[in-house]
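Since the structure comes first, as structure tokens, the remarks are kept for the end.
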Amino acid sequence: AGGVVGSSMMDDQHSLVHSHGYVRSETPPRVSAPVSCEPSPCRVMAVTSGKGGVGKTVISSALGLIASGQGKNVLLVKLDDQGRTGELFAARPLEDRITPLRENVSGVNLRPTTVVADYFHRQLRIRRLVRHIMESRLFKNWFRVSPAIKEMICLGKVWDLVEERSWWRNKPVWDLV
């Protein structure tokens with residue numbers, strides 16, 4: 001399991017906060033107080049990972065609800081969601097476009113092939129060429145066998161979402177992704 005956690009939640013004797021904001025701990029973190037972005041505004045990208053069935057979806061959804069209750073605008077990002085996130089919010093399964101789930105909570109299901117096609121289209125700007133690349137046997141085989149390429153491409157898209165700003169106020173769209 002891994003993730004990015006606010007340093008205020010970590011036991012200082014067992015943690016090391018690197019200059020990039022990552023936390024490394026020899027012992028599991030102990031929660032001493034909820035993370036608060038007050039009084040200065042901040043944005044957080046929290047990552048949950050682990051084996052299947054350990055509660056990643058439930059934990060990330062609960063954190064999203066807690067943050068939304070504090071007035072934060074939250075985006076839950078799932079990779080190849082099986083529909084569980086939608087069930088937790090009594091909503092339809094997440095799609096590959098951002099969908100509201102509750103007040104201040106939205107969700108999106110990132111499918112690696114859709115993310116790659118979107119990236120290629122932004123770079124090449126010719127839909128027909130993108131379609132030709134995506135449908136080629138060479139690309140499909142490379143994409144299927146390349147270690148971690150799907151996760152890296154999706155992580156790039158998540159970072160774009162973290163950095164997204166509203167065009168009219170030039171403020172971050174999401175407080176927590």
Side-chain angles (χ1 to χ4, degrees), residues 1-6 18 20-24 35 42-68 72-89 91-102 104-167 172-177:
V4 179
V5 182
H18 298 283
H20 298 293
Y22 298 103
V23 175
R24 186 173 146 206
V35 173
C42 71
R43 290 172 297 152
V44 176
M45 180 173 85
V47 178
T48 56
S49 67
K51 295 173 81 174
V54 297
K56 297 178 300 288
T57 299
V58 172
I59 295 297
S60 58
S61 297
L63 289 172
L65 284 173
I66 290 168
S68 73
K72 305 299 178 195
N73 200 17
V74 177
L75 177 63
L76 296 173
V77 179
K78 299 292 293 185
L79 301 180
D80 286 328
D81 185 48
Q82 310 293 298
R84 181 82 172 118
T85 305
E87 289 175 15
L88 289 172
F89 286 92
R92 297 176 59 140
L94 295 180
E95 299 176 9
D96 58 359
R97 64 180 179 273
I98 296 172
T99 308
L101 297 171
R102 292 261 171 97
N104 294 335
V105 180
S106 297
V108 64
N109 182 25
L110 296 183
R111 290 182 180 86
T113 52
T114 305
V115 173
V116 169
D118 180 56
Y119 174 79
F120 283 164
H121 185 261
R122 282 186 283 139
Q123 301 303 312
L124 302 173
R125 300 173 193 233
I126 303 170
R127 288 195 190 280
R128 191 174 203 183
L129 179 57
V130 170
R131 191 173 339 116
H132 181 71
I133 292 169
M134 296 295 296
E135 292 173 357
S136 74
R137 196 171 73 199
L138 176 64
F139 176 80
K140 286 180 181 180
N141 286 334
W142 172 79
F143 196 64
R144 182 177 50 81
V145 301
S146 296
I149 193 68
K150 295 175 182 101
E151 291 82 3
M152 294 303 293
I153 288 170
C154 288
L155 191 57
K157 177 65 176 180
V158 171
W159 184 251
D160 287 347
L161 293 167
V162 169
E163 292 293 307
E164 187 176 8
R165 301 181 82 73
S166 72
W167 62 273
V173 174
W174 311 107
D175 300 307
L176 175 65
V177 177

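Numbering of residues begins at 1 and proceeds along the displayed sequence.
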Indicate the atoms forming the closest heavy-atom contact of [X] with [Y], along with that distance.
{"X": "Thr48", "Y": "Ser60", "answer": "OG1-CB, 4.2 Å"}
{"X": "Ser61", "Y": "Leu88", "answer": "OG-CD1, 3.7 Å"}
{"X": "Lys51", "Y": "Lys56", "answer": "O-NZ, 2.9 Å"}
{"X": "Ser68", "Y": "Val74", "answer": "N-CG2, 4.0 Å"}
{"X": "Val173", "Y": "Asn73", "answer": "O-ND2, 2.8 Å"}
{"X": "Cys154", "Y": "Val115", "answer": "SG-CG2, 4.1 Å"}

| message | Holding to side-chain hydrogen bond (donor to acceptor under 3.5 Å, both in side chains), I want the full list of residues that pass it with Arg97, two or more places apart in sequence or in another chain. | response | Glu95

| note | Sorted by chain and residue number, the side-chain hydrogen bond (donor to acceptor under 3.5 Å, both in side chains) partners of Thr57 (sequence neighbours excluded) come out as Lys78

| request: Walk me through it: do Leu94 and Leu76 pass the test side-chain contact (heavy atoms from CB on, under 4.5 Å)? | output: CA-CA 10 Å; Leu94 295 180; Leu76 296 173; 5.5 Å; no

With a cut-off of 6.0 Å (strictly less than), are more than 12 heavy atoms of other residues, nucleotides or ligands near [atom1] of [X]?
{"X": "Trp159", "atom1": "CH2", "value": "no"}
{"X": "Phe120", "atom1": "CZ", "value": "yes"}
{"X": "Arg122", "atom1": "CZ", "value": "yes"}

| task | Using modelled atom types only, decide if a donor and an acceptor are shared between the side chain of Ser146 and the backbone of Phe143 within a distance under 3.5 Å. | result | no

| message | Any side-chain to backbone donor/acceptor pair from Asn109 onto Asp81? Under 3.5 Å, distance only. | response | yes

| Looking at residues at least two apart in the chain, or sitting in another chain, which of them share a side chain to side chain contact (heavy atoms under 4.5 Å, CB included) with Ile98? | Leu75, Ser106, Val108, Leu161, Trp174

| What distance separates Leu176 CG from Asn104 CG, expressed to the nearest 0.5 Å? | 11.5 Å

| message | Is any side-chain heavy atom of Ile153 closer than 4.5 Å to one of Tyr119? | response | no

| task | Give the intermediate values and the outcome of side-chain contact (heavy atoms from CB on, under 4.5 Å) for residues Arg127 and Val130. | result | CA-CA 5 Å; Arg127 288 195 190 280; Val130 170; 5.6 Å; no

| query | Does the side-chain contact (heavy atoms from CB on, under 4.5 Å) test come out yes or no for Lys157 and Asp118, once each step is laid out? | reply | CA-CA 10 Å; Lys157 177 65 176 180; Asp118 180 56; 3.7 Å; yes

| message | By the definition side chain to side chain contact (heavy atoms under 4.5 Å, CB included), identify the one residue from Arg111, His121, Lys150, Met134 that meets it with Val116. | response | Met134

| task | Run the numbers on Val145 and Asn141 for side-chain contact (heavy atoms from CB on, under 4.5 Å), then give the verdict. | result | CA-CA 6 Å; Val145 301; Asn141 286 334; 5.7 Å; no

